[in-house]
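On a predicted model such as this, the values are computed, not experimentally measured, just so you know.
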Amino acid sequence: MKKYPIPPFNEETAQQKVQMAEDAWNSQDPITVSMAYTEDTEWRNRTSFINGHKEVQEFLKNKWLNERNYKLKKELWGFRNNRIAVRFEYEYQNKEGQWYRAYGNENWEFDENGLMQKRYASINDLEIKESERKL
């Protein structure tokens with residue numbers, strides 16, 4: 001299966017990949033999101049190490065059960081060959097109703113078919129008031 005655009009990336013195709021990822025994550029559908037990754041994808045998300053579609057889907061299912069009213073914005077930070085760096089922020093509300101804004105960076109590596117084989121994310125959360133929401 002190919003997931004266009006495929007590497008090597010230029011600015012236009014890297015931007016397309018970032019927008020596609022943003023749209024998929026904002027769908028909050030673990031299966032839709034997981035289809036952009038290789039079957040044996042390797043993730044580091046904060047302190048979690050996640051491998052393969054099934055683990056990705058389970059991780060995302062649990063994420064969106066705990067992070068309600070989720071809204072994400074991604075920005076291309078850099079690219080080279082089959083790699084893309086992204087900065088992002090997202091807002092969510094926990095089960096108790098407290099709002100947060102999460103900031104972070106991701107490093108992505110793609111295979112020759114345009115599927116993401118590695119995703120390394122560093123994320124920090126900031127407690128915010130509902131009136132401070134931006135997204």
Other than [X], which residues form its hydrophobic cluster under the rule that side-chain heavy atoms must be closer than 4.5 Å?
| X | value |
| --- | --- |
| Leu135 | none |
| Ile128 | Trp99, Tyr103, Leu126 |
| Tyr120 | none |

With the 4.5 Å side-chain cut-off for hydrophobic clustering, are [X] and [Y] part of the same group?
| X | Y | answer |
| --- | --- | --- |
| Met20 | Val86 | no |
| Val33 | Met35 | no |
| Met116 | Phe59 | yes |
| Ile123 | Val18 | yes |

Checklist entry - Are any side-chain N or O atoms of Asn45 and backbone N or O atoms of Ala121, one a donor and one an acceptor, separated by less than 3.5 Å? => result no
Next on the checklist: Quick check against the 3.5 Å criterion: does His53 have a side-chain atom that pairs as donor or acceptor with the backbone of Asp40?
Outcome noted: no
Next on the checklist: Tell me whether the count of non-hydrogen atoms from other residues, nucleotides or ligands lying under 6.0 Å of CZ in Arg83 goes above 12.
Outcome noted: no
Item to check | Contacts of type side chain to side chain donor-acceptor pair (under 3.5 Å), residue Gln93, not counting sequence neighbours | outcome: Asn69
Item to check | Set of side chain to side chain donor-acceptor pair (under 3.5 Å) partners for Asn66, sequence neighbours left out | outcome: Lys95
Qualifying residues under side chain to side chain contact (heavy atoms under 4.5 Å, CB included), relative to [X], sequence neighbours excluded:
| X | result |
| --- | --- |
| Phe49 | Arg44 |
| Asn51 | Glu42, Glu55 |
| Gln28 | Trp64, Tyr70 |
| Asp111 | Thr38, Asn113, Leu115, Gln117 |

Next on the checklist: Filter on salt bridge (Lys or Arg N to Asp or Glu O under 4.0 Å), then keep only pairs touching residues 5-30, sequence neighbours left out; what's left?
Outcome noted: Glu22-Lys73
Item to check | Glu106: partners by salt bridge (charged side-chain N to carboxylate O under 4.0 Å, His left out), with sequence neighbours left out | outcome: Lys74, Arg119
Next on the checklist: Applying side chain to side chain donor-acceptor pair (under 3.5 Å) as the test, list every pair that has at least one member in residues 125-135; sequence neighbours left out.
Outcome noted: Arg46-Asp125, Glu89-Lys134, Tyr92-Asp125
Next on the checklist: Tyr4 vs Gln16, test: side chain to side chain contact (heavy atoms under 4.5 Å, CB included). Steps then yes/no.
Outcome noted: CA-CA 9 Å; Tyr4 291 94; Gln16 288 173 351; over 6 Å; no
Quick check for you: to the nearest 0.5 Å, what is the distance between [X] atom [atom1] and [Y] atom [atom2]?
| X | Y | atom1 | atom2 | answer |
| --- | --- | --- | --- | --- |
| Leu60 | Ile31 | CG | CD1 | 10.5 Å |
| Asn124 | Arg101 | CG | CZ | 13.5 Å |
| Ser34 | Glu39 | OG | CD | 8.0 Å |

Considering all heavy atoms, the nearest [X]-[Y] contact:
| X | Y | value |
| --- | --- | --- |
| Ser122 | Phe88 | O-CZ, 4.2 Å |
| Asn105 | Arg87 | OD1-CB, 3.7 Å |
| Val56 | Ile50 | N-CG2, 3.6 Å |

Item to check | Pair Phe110-Phe9, ring-ring contact (aromatic ring centres under 6.0 Å, His included): steps then yes or no | outcome: CA-CA 10 Å; Phe110 294 85; Phe9 299 114; 5.1 Å; yes
Item to check | Distance-only side-chain donor-acceptor flag, Thr13 / Asn10, under 3.5 Å | outcome: yes
Checklist entry - Can you tell if the side chain of Asn82 reaches within under 4.5 Å of the side chain of Glu109, non-hydrogen atoms only? => result yes
Checklist entry - How about Lys63 and Trp25: do any of their side-chain heavy atoms sit closer than 4.5 Å? => result yes
Next on the checklist: For Lys71, is there an ion pair with Glu91 - N to carboxylate O distance below 4.0 angstrom?
Outcome noted: no
